[in-house]
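Please read the structure below before turning to the comments.
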Amino acid sequence: EGLHVERDGRVYRVRLKDVPDAPAGEVLLPDDFPVEAKALRQLAGLAALRHPAGGGVATVRASPDFHPGDAGVAIGSIVETEGIVVPAAVGTDINCGMRLHVVDLPAERLLAHRDVLVERLKGDYFFSTRDLPMTAEAMQGLFREGLLGWLEAVRRRPLGQLARADLDQLEREIDRVHLGGALDGDPRWAPEDLVPAEGVVRDGGLATIGGGNHFVEIQVVEEVVDRARAWQWDVRAGQVAIMIHSGSRGVGKHVGALWRDRARSMWPKGQKFPPEGLFSLSLADQPEAVAGYMQAEATAANYGFLNRLLLAELLRQRLRELFGEVAAPLVYDLPHNITLPVDGPVKRWITRKGACPAGAEQPVIIPGSMGAASYLLVGRGSPQLLGSASHGAGRATSRFEMGRRGRETEDLGLAGVDCITLREERRIEEAPAAYKPIGPVIACQVEAGLCDVVARMRPLMTFKA
Ligand code: 5GP
Ligand code: MN
Ligand code: MN
């Protein structure tokens with residue numbers, strides 16, 4: 001309906017019929033994969049976005065975990081804009097991302113202590129027994145300059161559980177965080193109670209997983225495919241891995257909602273509204289607003305990097321209690337929901353809405369589900385998806401529909417899954433059957449030259465809030 005669709009091998013090209021000069025949106029999909037009309041419409045609509053004062057979307061691509069988004073943008077979209085930024089395309093889940101550690105511990109040893117580990121981690125993740133006070137200085141440093149700014153303040157005054165952390169190791173690991181976990185932010189964009197002038201901040205949102213399909217998952221490395229690279233990244237078959245999926249929690253909500261409203265109120269008077277509430281900010285017309293949004297988004301993103309770091313640090317401390325000085329180095333941490341500037345003579349930005357950066361030689365983390373394999377890959381910097389890959393398998397069935405199926409006790413793929421949650425409905429909404437098969441999603445990206453598999457992991461236990 002109103003859509004022009006062309007198929008070229010595994011690539012679908014879509015265009016709105018009534019905006020013929022708009023660039024086509026392109027999505028890469030495995031053979032025989034279902035493609036949802038709603039997601040195609042969202043992709044074509046995104047490609048046609050323009051600001052009345054000039055600037056617009058230049059290129060739109062989508063990764064194979066493509067599915068409709070509930071905020072007007074299909075999940076898996078990768079958008080290059082010229083002269084505009086679109087706060088609503090990122091939304092409130094700013095710097096949602098993935099983090100992967102490997103643990104120098106055979107899976108059987110960890111499983112022998114499963115119950116005590118689960119009890120302690122339930123306390124850390126669900127019952128706020130963690131003790132992570134922050135100095136006002138640490139919060140300011142974080143929001144302004146990211147992980148290193150935070151760490152320098154923590155070194156001056158380590159509090160609570162961070163007094164037990166190996167701060168040298170945290171510092172060494174910063175270069176395995178995408179962009180060094182450091183974007184140019186400003187504390188003025190953070191919620192006020194997190195940035196007092198002095199004193200100690202007790203932030204109940206920091207180091208929490210968040211709802212939905214966010215998770216902390218303990219996995220075993222099932223197979224190493226690229227031996228040389230796995231060795232270099234400390235990845236060994238049979239050993240434990242930790243995968244973390246979370247974002248910037250309340251700070252992203254605060255920033256995302258503020259700028260969604262601002263972009264709407266700044267839209268030029270008398271001009272037709274963009275579809276799906278995708279109001280953009282124009283560099284030509286509102287340069288301060290563009291700079292303000294980018295700084296606010298960076299502020300929230302910095303918090304997202306720390307949130308994942310601390311979720312991992314809590315787990316590392318529990319592993320040390322149970323197994324002694326076991327090494328658990330970071331492999332990589334990266335955002336899959338963020339707008340970043342592109343270097344070059346023209347003012348351009350890339351927004352990834354549920355897509356993983358996949359630069360050449362860079363680690364790429366693609367989870368499947370709590371009942372399927374997850375993958376560690378290496379990127380190839382292919383321009384096909386603007387230096388990106390998928391950030392998962394992609395949802396196949398909505399939460400609502402899963403709830404309905406759950407009541408009819410269909411096979412949800414939950415056999416053998418160890419999901420630790422306080423909400424029974426999570427197990428059903430996020431069941432393996434809610435996701436597309438990860439195998440073809442990975443194979444199709446390898447065949448397209450986007451990335452190569454380094455190792456495959458299998459879940460042992462998954463924590464979901
Ligand atoms: P999103 O960022 O769009 O919310 O989801 C990212 C991806 O995570 C999903 O497409 C899905 O493939 C994957 N996923 C969802 N739940 C789980 C889980 O419990 N464990 C693992 N390993 N992956 C999951
Ligand atoms: Mn998220
Ligand atoms: Mn996510």
Side-chain angles (χ1 to χ4, degrees), residues 39 62-71 73-78 90-100 208-222 241-253 256 300-301 303-304 307-308 311 333-338 352-357 364-376 388-399 402 412-414 416-421 423 426-442 445 456-465:
S63 55
D65 54 348
F66 182 62
H67 60 280
D70 42 24
V73 179
I75 310 303
S77 298
I78 305 131
V90 173
T92 55
D93 193 13
I94 296 169
N95 188 8
C96 190
M98 297 284 173
R99 182 177 178 99
L100 181 71
T208 57
I209 297 172
N213 67 359
H214 299 120
F215 58 82
V216 171
E217 188 165 275
I218 300 180
Q219 307 172 334
V220 55
V221 179
E222 226 178 359
I242 297 161
M243 191 175 280
I244 293 173
H245 175 212
S246 187
S248 55
R249 313 288 293 110
V251 181
K253 278 213 181 80
Y303 186 90
N307 189 47
R308 288 192 292 274
L311 286 166
D333 179 300
L334 34 73
H336 57 231
N337 199 27
I338 196 164
R352 294 190 174 86
K353 174 72 173 181
C356 182
V364 170
I365 303 167
I366 306 185
S369 77
M370 60 178 159
S374 291
Y375 288 79
L376 171 64
S388 319
S390 84
H391 81 311
R395 187 169 269 281
T397 310
S398 72
R399 292 198 171 101
M402 286 306 291
L412 303 173
L414 281 164
V417 168
D418 189 4
C419 177
I420 298 111
T421 179
R423 294 167 199 258
R426 225 27 118 215
R427 227 185 291 269
I428 291 163
E429 291 167 359
E430 298 302 328
Y435 292 94
K436 296 179 185 174
I438 186 72
V441 168
I442 298 290
Q445 298 185 86
R456 190 184 70 238
M457 288 81 73
R458 171 171 61 81
L460 298 175
M461 54 188 101
T462 305
F463 293 80
K464 291 213 173 174

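Note that ligands are numbered from 1 as they come in the structure, with each ligand's atoms numbered from 1 the same way. All residue numbers in this chain count up from 1 along the given sequence.
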Query raised in the report: Under 3.5 Å, N or O to N or O, is Glu430 touching ligand 1 that way?
Result: no
Query - Criterion side-chain hydrogen bond (donor to acceptor under 3.5 Å, both in side chains) on Asn95 and Ser248, from CA distance to verdict - result: CA-CA 6 Å; Asn95 188 8; Ser248 55; over 6 Å; no
Query raised in the report: Is a side-chain donor-acceptor pair under 3.5 Å present for Thr421 with Arg427?
Result: no
Requested in this report: Provide the number and element of each atom of ligand 1 under 4.0 Å from a heavy atom of His391.
Outcome: 1 (P), 2 (O), 3 (O), 5 (O), 6 (C), 7 (C)
Report summary line: In terms of heavy-atom contacts, Pro459 and Ala372 come closest through CD-O, 3.1 Å
Query - Residues Arg395 and Tyr435: side-chain donor-acceptor under 3.5 angstrom - result: yes
Report summary line: One should read off an interatomic distance between Glu430 CD and His214 NE2, to the nearest 0.5 angstrom, of 9.5 Å
Report task. For residues Ser390 and Phe66, determine if any side-chain heavy atom of one lies less than 4.5 Å from a side-chain heavy atom of the other. Result -> no
Requested in this report: Report the relative orientation of the aromatic rings in His336 and His245; use parallel for angles under 30°, tilted for 30 to 60°, perpendicular for over 60°.
Outcome: tilted
Query raised in the report: Are any of the N/O atoms in Ala393 less than 3.5 Å from those in ligand 1?
Result: yes
Report task. Run the numbers for me: atoms of ligand 1, each under 4.0 Å from some heavy atom of Thr462, listed by number. Result -> 19 (O)
Report task. For the pair Arg456 (side chain) and Ser374 (backbone), establish whether a donor and an acceptor sit closer than 3.5 Å, ignoring hydrogens and angles. Result -> no
Report summary line: Nearest heavy-atom contact between Ala301 and Ile338 is CB-CD1, 3.8 Å
Query raised in the report: Can you list the atoms of ligand 1 that are under 4.0 Å from a heavy atom of Gly394?
Result: 10 (O), 12 (O)
Query raised in the report: Can you find an N or O of Asn213 that's nearer than 3.5 Å to an N or O of ligand 1?
Result: yes
Report task. Ignoring hydrogens, just give me the one of Gly368, Ser246, Ser369, Pro367 whose non-hydrogen atom is nearest atom 11 (C) of ligand 1. Result -> Gly368
Report task. Check the Mn ion (ligand 2) and write out every protein N, O or S atom at under 2.8 Å, as residue and atom. Result -> Asp93 OD2, Cys96 SG, His214 NE2
Report task. Please lay out, stage by stage, how Ile242 and Ile244 fare under the test side-chain contact (heavy atoms from CB on, under 4.5 Å). Result -> CA-CA 7 Å; Ile242 297 161; Ile244 293 173; 4.1 Å; yes
Report task. Enumerate the atoms of ligand 1 whose separation from the nearest heavy atom of Lys464 is less than 4.0 angstrom. Result -> 16 (N), 17 (C), 18 (C), 19 (O)
Report summary line: Here the atoms of ligand 1 under 4.0 Å from any heavy atom belonging to Ser374 are 22 (N)
Query raised in the report: Among the heavy atoms of His214, does any lie under 4.0 Å from an atom of ligand 1?
Result: no
Report task. Quickly, which of Met243, Arg426, Met370 forms a side chain to side chain contact (heavy atoms under 4.5 Å, CB included) with Phe215? Name it, please. Result -> Met243
Requested in this report: Around atom 17 (C) of ligand 1, find the nearest protein heavy atom and jot down its residue, atom name and distance.
Outcome: Phe215 CE2, 3.4 Å
Report task. Look at atom 22 (N) of ligand 1 and say which protein heavy atom is nearest, naming residue and atom and giving the distance to 0.1 Å. Result -> Glu217 OE2, 2.8 Å
